[in-house]
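The figures that follow rest on heavy atoms only: side chains count, while hydrogens, waters and symmetry mates do not.
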Amino acid sequence: MEHGIIWLHVAVALLAAALGVANLAARKGTPRHRAVGRVWIGLMAATAISSFWIQELNPGRYSWIHGLSIWTLALLPLAVLAIRHGRVRTHRNIVIGLMAGVLVAGAFAMAPGRFMGRMLGYG
């Protein structure tokens, strides 16, 4: 079961990373930017939520990484509220922080000994 949820987690995380990078590079405030942003929020939420079924670091228990998932789930609505209230800088800072988090978490996920590291042939 856990490997299946890991693959789901990886898939939504990769999509979130790709869409996030594309949206950060795109023109801001356009209908396309908003639509991609909505999909990105859903993918980020799915990434965070799916992590709760992955307990590879601490079998049978949650690890510090799950704290990052909770943090992500708290920041996503704050990013939306910020932009809805015209707080562009706050919105941008939250989104950039979340994107940095997804990229750093991805790098840690590929560490030797972790599931993804083993799948890539160096763990």
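- With sequence neighbours excluded, the residues that form a side chain to side chain contact (heavy atoms under 4.5 Å, CB included) with Ile70 are Phe52.
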Can you list, pair by pair, the side-chain donor-acceptor contacts under 3.5 Å of residues 32-49, counting residues two or more places apart and other chains?
unit_1	atom_1	unit_2	atom_2	d
His33	ND1	Asn23	OD1	3.3
His33	ND1	Asn23	ND2	3.4
Arg34	NH1	Gly29	O	2.4
Trp40	NE1	Ala16	O	3.2
Thr47	OG1	Ala13	N	3.4
Thr47	OG1	Leu43	O	2.8

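- Atoms CG and NE2, from Leu8 and His3 in turn, are 14.5 Å apart once rounded to the nearest 0.5 Å.
- Phe108 is not connected to Ile65 by any chain of hydrophobic side-chain contacts under 4.5 Å among Ile, Leu, Val, Met, Phe, Trp and Tyr, and they are in different clusters.
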Name the atoms and distances for all side-chain donor-acceptor pairs under 3.5 Å in residues 78-106, with sequence neighbours left out.
unit_1	atom_1	unit_2	atom_2	d
His85	ND1	Leu81	O	2.8
His91	ND1	Ala79	O	2.8
Asn93	ND2	Arg89	O	3.3

